[in-house]
Amino acid sequence: MPRLGVALKRVLVGRPQRSDRLAHTLLPKRIALPVFASDAMSSVAYAPEEIFLTLSAAGVASYAFSPWIGLAVVVVLLTVVTSYRQNVHAYPSGGGDYEVATVNLGRRAGLTVASALLVDYTLTVAVSISAAAANIGALVPFVAEHKVAFAVGAIVVLTAVNLRGVRESGVAFAIPTYAFMIGIGTMIIWGLTRILILGDDVQAASADLEMVAEGDAFTGLALVLLVLRSFTQGCAALTGVEAISNGVPAFRKPKSRNAATTLLLLGVISVSMFMGLIALAQLTGAKIAEYPAVQFPSAPDGYVQQTLVAQLADAVFSDFRPGFYIVVVVTALILVLAANTAYNGFPVLGSILSQDRYLPRQLHTRGDRLAFSNGILALAAVAIVLVVGFQAEVTRLVALYTVGVFTSFTLSQIGMLRHWNRHLLTETDPAERRRMKRSRVINGFGAAMTASVLVVVLITKFTRGAWIAIAAMALFYVMMIAIRRHYDRVAAELVAGDTDTVLPSRNHAIVLVSTLHKPSLRALSYARATRPDVLEAVTVNVDEADTKRLVRDWERRKIPVPLKVVESPYREITKPVLDYVKRIRSTNPRDVVTVFIPEYVVGHWWEQLLHNQSALRLKGRLLFQPGVMVTSVPWQLQSSERAAVPRRPETAPGSYRRGYESAPPDDGRAGPPAAPPAAAPPAATSSSGPRT
């Protein structure tokens with residue numbers, strides 16, 4: 001990598017960390033809570049709003065259903081949290097829902113869960129960032145006018161922070177997350193105190209607006225479907241709960257207990273904020289409509305609808321404007337940072353799937369900062385596509401959101417039922433059996449609850465965008481099956497047999513020559529040093545004058561290697577060489593043909609565009625020929641030698657003691673050690689050729 005690129009990478013990502021530092025990146029509960037639970041907690045910033053926004057289609061009278069819808073969401077949330085506390089104890093390895101479904105329900109169920117989670121994690125980033133853009137737009141009109149650009153920039157910044165490592169990103173996100181919890185909690189407590197105890201008239205700015213229904217048909221079945229759809233929109237508050245079960249390996253020991261405690265804290269905090277916002281919205285008369293220009297006929301010209309949190313903060317802190325700004329800012333921050341849950345869950349799940357050969361192996365390796373860098377970059381790329389494609393509209397994105405969440409919830413809880421049933425068959429200790437039966441009841445209730453919600457989600461959201469999430473899940477499923485088949489096929493082909501160690505009969509070496517210069521002479525010398533059975537030089541006759549000059553120089557130097565000229569009537573280079581190699585192989589199928597190609601080594605990327613293009617094409621085609629070996633013989637140009645000298649060479653620990661370098665003079669000043677002398681490249685000598 002060029003030095004400028006290395007310097008930029010070090011500024012953005014930091015210096016590399018040794019593998020043995022991995023244990024030092026494990027998280028205590030106080031840091032794990034904002035890292036893994038920020039998504040679930042921050043969803044209370046838009047989940048209540050989605051409930052009111054959906055109900056607005058039937059008019060303001062339908063707002064009476066909001067507390068009951070909120071209670072239904074709370075019941076589901078507490079059920080899922082309690083169920084996942086059983087999961088983290090039973091499966092602490094970090095596979096989460098994928099591992100539970102695979103072990104207990106089979107590979108197909110496991111891949112279905114994995115597909116759902118991959119889709120859900122990408123939507124988590126897109127929804128959180130889009131919601132943040134909407135909240136910041138309440139303060140900064142420029143952001144409201146350029147939501148997409150802001151969202152893309154926020155994803156890029158968040159990606160750079162996460163590339164620095166899990167612990168570093170956790171420390172960076174802890175303060176904004178706790179600030180959000182304190183800000184929303186203070187607003188709810190102070191607002192309820194002013195209304196219920198002090199008797200203040202606290203009204204939202206939209207309380208006096210007249211809101212009309214979108215139509216007159218919201219009665220009977222239509223109203224039931226609307227309430228159910230509002231419930232599914234509110235269930236966005238459950239997203240992110242599963243991330244803790246996937247991130248158990250990142251916790252400090254005892255991992256399972258710490259993860260379970262973090263889940264409990266998540267549930268208590270989320271429920272308190274969620275119901276508090278709904279109660280405050282009811283008491284202040286806040287209104288929020290899906291189509292404000294149509295549903296608010298009495299609104300003044302140029303009316304811009306603020307988010308629910310912004311309306312509540314404006315009403316509660318009407319006599320203390322800094323409180324309004326603090327709540328809006330910390331809400332926007334937590335929504336940006338909520339995507340961090342996906343940045344920790346997606347790469348870990350991708351690594352596990354890669355280890356199981358369902359995703360590319362590059363996702364299994366850790367980067368310089370011991371984070372799964374490739375997974376982080378893949379997540380960012382897909383999230384940017386979603387944000388741009390849906391124009392950072394939260395309502396449109398949320399419609400895609402809960403399908404994958406409740407698919408993984410349901411299959412995971414069904415898998416846990418089979419897990420407890422299997423263990424109860426062999427367990428004899430009465431106390432342990434009672435614990436297992438209690439856990440089975442919890443997971444059974446969770447399976448019934450999440451399956452019911454999944455059915456409602458599919459019914460109410462399918463035509464409103466849920467089909468896109470289902471199609472994406474199917475695409476991920478098919479892709480992972482295809483990747484696994486490829487890896488299995490390659491593994492089967494690479495199994496060594498008893499006859500695979502048979503040596504070829506002969507080695508037929510070919511040195512490609514275009515001009516008799518230093519790189520060509522080095523390639524000839526190196527080829528002779530390998531002592532092949534047959535050695536010849538080959539040139540392609542593209543220009544008659546150049547070919548004659550090469551033959552004259554060859555004969556004048558008396559090089560003891562025969563030079564063959566291959567005709568090329570169409571001035572091609574690649575095809576004549578391929579045809580010549582194929583003729584040799586067809587004549588002697590047991591021979592190995594080794595093709596030596598001289599190449600320049602340059603120091604700048606733009607120089608690479610000016611050289612080695614013919615060599616690259618030749619190598620690319622020759623690699624597909626069976627029984628053909630391709631050897632590149634490098635010739636370092638001066639630009640490559642300058643690029644190879646580091647400005648501040650790094651010295652390996654203990655290099656002075658080993659004698660690899662000279663210790664710097666002890667002049668009392670700290671400084672980098674002296675660079676070692678440059679080693680000469682490997683050389684091959686010949687009695688008839690130059691020393692290389």
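The shown structure was predicted, so the numbers you read here are calculated from the model rather than taken from an experiment.
- Considering every non-hydrogen atom in both Val113 and Tyr98, the closest pair reads CG1-N, 3.6 Å.
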| query | Does the pair Ile483 and Tyr487 meet the rule for a side chain to side chain contact (heavy atoms under 4.5 Å, CB included), with working shown? | reply | CA-CA 6 Å; Ile483 291 174; Tyr487 281 136; 3.5 Å; yes
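- Ile51 is listed as a side-chain neighbour of Phe274, based on a closest heavy-atom distance under 4.5 Å.
- For the residue pair Pro48 and Ile278, the shortest heavy atom distance occurs at CB-CG1, 4.0 Å.
- With values rounded to the nearest 0.5 angstrom, Leu158 atom CG is found 8.0 Å from Ile155 atom CD1.
- Contact of the Tyr91 side chain with the Met416 side chain is registered, since non-hydrogen atoms from C-beta on lie closer than 4.5 Å.
- Counting heavy atoms from C-beta on, the side chains of Phe231 and Val453 come closer than 4.5 Å.
- Atom OG1 of Thr307 sits about 5.5 Å away from atom CD of Glu49, to the nearest 0.5 Å.
- Note that CG of Leu280 and CG of Leu192 are 5.5 Å apart. Values are rounded to the nearest 0.5 Å.
- Annotation: salt bridge (charged side-chain N to carboxylate O under 4.0 Å, His left out) contacts involving residues 402-423, sequence neighbours excluded, are absent.
- Heavy-atom contacts from other residues, nucleotides or ligands closer than 6.0 Å to CZ of Phe65 number 12 or fewer.
- Closest heavy-atom contact between Ala114 and Leu349: O-CD2, 4.2 Å.
- Arg108 has its side chain within reach of Tyr477: a pair of non-hydrogen atoms, C-beta onward, lies under 4.5 Å apart.
- Here the closest non-hydrogen pair linking Val387 and Ser130 is CG2-OG, 4.2 Å.
- Under the 3.5 Å distance criterion, with hydrogens and angles disregarded, a donor-acceptor pair is assigned to the side chains of Ser412 and Asn87.
- No hydrogens or angles considered: a donor-acceptor pair under 3.5 Å links the side chains of Asp97 and Tyr84.
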| task | Apply side chain to side chain contact (heavy atoms under 4.5 Å, CB included) to Phe476 and Met479, showing your working. | result | CA-CA 5 Å; Phe476 272 117; Met479 179 188 70; 3.5 Å; yes
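- To the nearest 0.5 angstrom, Leu266 atom CG is 12.0 Å from Thr261 atom OG1.
- Shortest non-hydrogen contact noted between Gln413 and Ser83 is OE1-CB, 3.0 Å.
- With values rounded to the nearest 0.5 angstrom, Gln86 atom CD is found 4.0 Å from Ile442 atom CD1.
- Contact annotation: the side chain of Val328 never approaches that of Val309 to less than 4.5 Å [non-hydrogen atoms, C-beta and beyond].
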| said: Apply side chain to side chain contact (heavy atoms under 4.5 Å, CB included) to residues Leu277 and Met187 and explain how you reach the verdict. | reply: CA-CA 9 Å; Leu277 288 175; Met187 180 183 73; 3.5 Å; yes
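- Screening Val119, Leu117, Val403 against Ser408 for a side-chain contact (heavy atoms from CB on, under 4.5 Å) leaves a single residue, Leu117.
- Side-chain atoms of Asn104 come within 3.5 Å of backbone atoms of Val100 as a donor-acceptor pair (strictly under, hydrogens ignored).
- The backbone N or O of Thr407 sits nowhere less than 3.5 Å from a side-chain atom of Thr410 that would complete a donor-acceptor pair.
- Listed for the Ser270 side chain is no donor-acceptor partner under 3.5 Å among the backbone atoms of Gly267.
- Between Ile288 and Tyr63 there is a side-chain heavy-atom pair separated by less than 4.5 Å.
- Counting only heavy atoms from C-beta outward, the side chains of Val74 and Met275 approach each other to under 4.5 Å.
- Applying the salt bridge (charged side-chain N to carboxylate O under 4.0 Å, His left out) test to residues at least two apart or on different chains, the pairs with a partner in residues 424-439 are Glu432-Arg435.
- Across all their heavy atoms, Ser230 and Leu55 have their closest contact at OG-CG, 3.6 Å.
- Applying the ring pair (Phe, Tyr, Trp, His ring centres under 6.0 Å) criterion to Phe346, with sequence neighbours excluded, gives no partner residue.
- Note that CG of Leu454 and OG1 of Thr450 are 8.0 Å apart. Values are rounded to the nearest 0.5 Å.
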| Passes side chain to side chain contact (heavy atoms under 4.5 Å, CB included), Ile470 versus Leu458? Steps please. | CA-CA 10 Å; Ile470 296 173; Leu458 293 175; 3.7 Å; yes
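- Between Leu263 and Val88, some side-chain heavy-atom pair lies under the 4.5 Å cut-off.
- Taking the six-membered ring for Trp and thresholds of 30 and 60 degrees, Phe406 and Phe409 have ring planes more than 60 degrees apart, a perpendicular arrangement.
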